[in-house]
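Data block below; observations after.
Computed from heavy atoms alone, side chains included, the values below leave out hydrogens, waters and symmetry copies. Whatever order the structure lists ligands and atoms in, that order sets their numbers, starting from 1.
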Amino acid sequence: MLQLLRLLQDGQFHSGEALGAELGVSRAAVWKQLQSLEAERGLRFHKVRGRGYRLEMPLVLLDEASLAAGCQHWPISVVEVVDSTNAEVLRRLQAGQSAPMVVTAEQQTAGRGRRGRQWVSPFGQNLYYSLAIRIEGGLRQLEGLSLVVGLALAKALQQVGVQQTALKWPNDVLVEGAKIAGILVEIAGDPADACDVVIGIGVNVNMPAEAEGIDQAWTSVSAQLGCLVDRNALALKLGDNLAHYLERYLQQGFSSLLDEWQDNHAWQGRSVRLSAGDRHVDGRVLGVNASGALRLEVDGVEQQFSGGELSLRLRDDS
Ligand code: BTN
């Protein structure tokens with residue numbers, strides 16, 4: 001089916017006959033595959049008598065060969081459909097494959113977000129990218145690591161032309177207050193000793209505005225640039241920036257990137273509410289500290305917060 005989709009990804013009309021000839025199958029077989037693509041992948045085709053078939057929205061499919069050729073940092077593989085690329089990388093580590101490695105997918109059926117949320121992951125539209133790295137000698141600052149990943153992601157987005165990216169602690173990437181990308185870091189092994197860290201990154205790339213199931217303001221790379229975006233080019237830029245920033249982080253620690261992170265900080269000086277379950281703290285954002293914890297001024301006194309389960313919102317009066 002993916003072969004057929006590659007022929008149709010340009011969004012132009014292709015006749016059933018030409019598609020069948022290209023794939024060495026009958027027109028009826030083409031029709032059957034198109035029906036499966038609609039039913040199983042949620043894609044929609046226009047069918048016009050005398051002209052053939054065309055994808056309602058053109059796609060840029062991931063191309064494993066060009067990703068592998070363009071990425072010198074780690075092996076990268078593309079799977080068509082998976083529950084979650086983070087889960088897939090954790091399974092591969094468990095099965096003895098070693099870090100570093102990257103798994104990307106065209107679609108996730110159970111994409112995982114932070115704080116137990118679902119990450120909406122339709123076929124062929126976004127980037128679902130999980131990188132495993134090995135950390136020797138214990139992970140002192142998971143917080144700092146995930147902030148550094150946010151910085152690398154923001155830089156990659158800037159390099160493909162997305163202006164005005166800003167980082168929301170701990171690691172969302174926003175554009176004018178709307179979320180464009182999120183990060184979920186998971187650990188395999190003992191965080192106090194040698195362990196593998198799985199860095200899962202989701203970027204809204206070509207997802208159309210009418211996409212359903214997202215309960216917060218969001219945007220996409222294509223909405224920002226006004227055109228269909230090459231997901232392969234973005235994945236390669238992301239890899240380059242991750243390699244660069246992670247190397248600096250592992251050699252010099254988060255403190256060496258603190259100023260750069262704060263230069264990209266969305267809510268510096270703003271009034272916010274920090275929540276953990278039904279407990280809240282209201283304060284003014286002072287920035288982050290050298291380990292990546294959030295610094296808040298609460299009732300005139302500085303307090304510092306860290307932890308993956310925390311959620312931050314702007315207060316109405318800020
Ligand atoms: C968030 O809630 O902001 C984090 C979203 C992380 C989503 C990415 S998509 C690739 C990787 N696989 C997953 O299941 N989740 C992460």
### Part of Ile183 with heavy atoms under 4.0 Å of ligand 1, whether side chain, backbone, both or neither
backbone

### Query
Got Tyr53 and Lys47 here, is their nearest side-chain heavy-atom distance under 4.5 Å?
yes

### Task
Could you find the nearest protein heavy atom to atom 2 (O) of ligand 1 and give me its residue, atom name and distance?
Arg114 N, 2.7 Å

### Task
Any atoms of ligand 1 less than 4.0 Å from a non-hydrogen atom of Asp172? List them with their elements.
3 (O)

### Query
What atoms of ligand 1 come closer than 4.0 angstrom to any heavy atom of Gly202?
7 (C), 8 (C), 9 (S)

### Task
Provide, to 0.1 Å, the distance between atom 3 (O) of ligand 1 and the closest protein heavy atom, together with that atom's residue and name.
Lys179 NZ, 2.6 Å

### Task
State whether the side chain of Gln262 and the backbone N or O of Val288 hold a donor-acceptor pair below 3.5 Å, judged by distance alone.
yes

### Task
Check whether any side-chain heavy atom of Leu238 lies under 4.5 Å from a side-chain heavy atom of Leu127, and answer yes or no.
yes

### Message
Polar contacts were defined as any N/O atom of the residue lying under 3.5 Å from an N/O atom of the ligand; does this apply to Gln108 and ligand 1?
### Response
yes

### Task
Using a 4.5 Å cut-off on heavy atoms from C-beta on, say whether the side chain of Gln108 contacts that of Ser130.
no

### Message
I'd like to check Val81 versus Glu40 (side-chain heavy atoms, cut-off strictly below 4.5 Å). Are they in contact?
### Response
no

### Query
Any non-hydrogen atom of Arg115 lying under 4.0 Å from ligand 1?
no

### Query
atom 5 (C) of ligand 1: which protein heavy atom is closest, and how many Å away?
Trp119 CE3, 3.4 Å

#### Entry: N/O donor-acceptor pair under 3.5 Å between Asn126 side chain and Pro122 backbone
no

### Query
Which residue supplies the protein heavy atom nearest to atom 15 (N) of ligand 1, what is that atom called, and how far is it?
Arg112 O, 2.7 Å

### Query
Got a donor-acceptor contact below 3.5 angstrom from the Glu64 side chain to the Val78 backbone?
yes

### Message
Within ligand 1, which atoms have a heavy atom of Gly111 less than 4.0 Å away?
### Response
14 (O)

### Query
Does a side-chain heavy-atom distance below 4.5 Å link Arg134 with Ser98?
no

### Message
Could you work out, for atom 10 (C) of ligand 1, the closest of Asn86, Thr85, Thr109 by heavy-atom distance?
### Response
Thr85

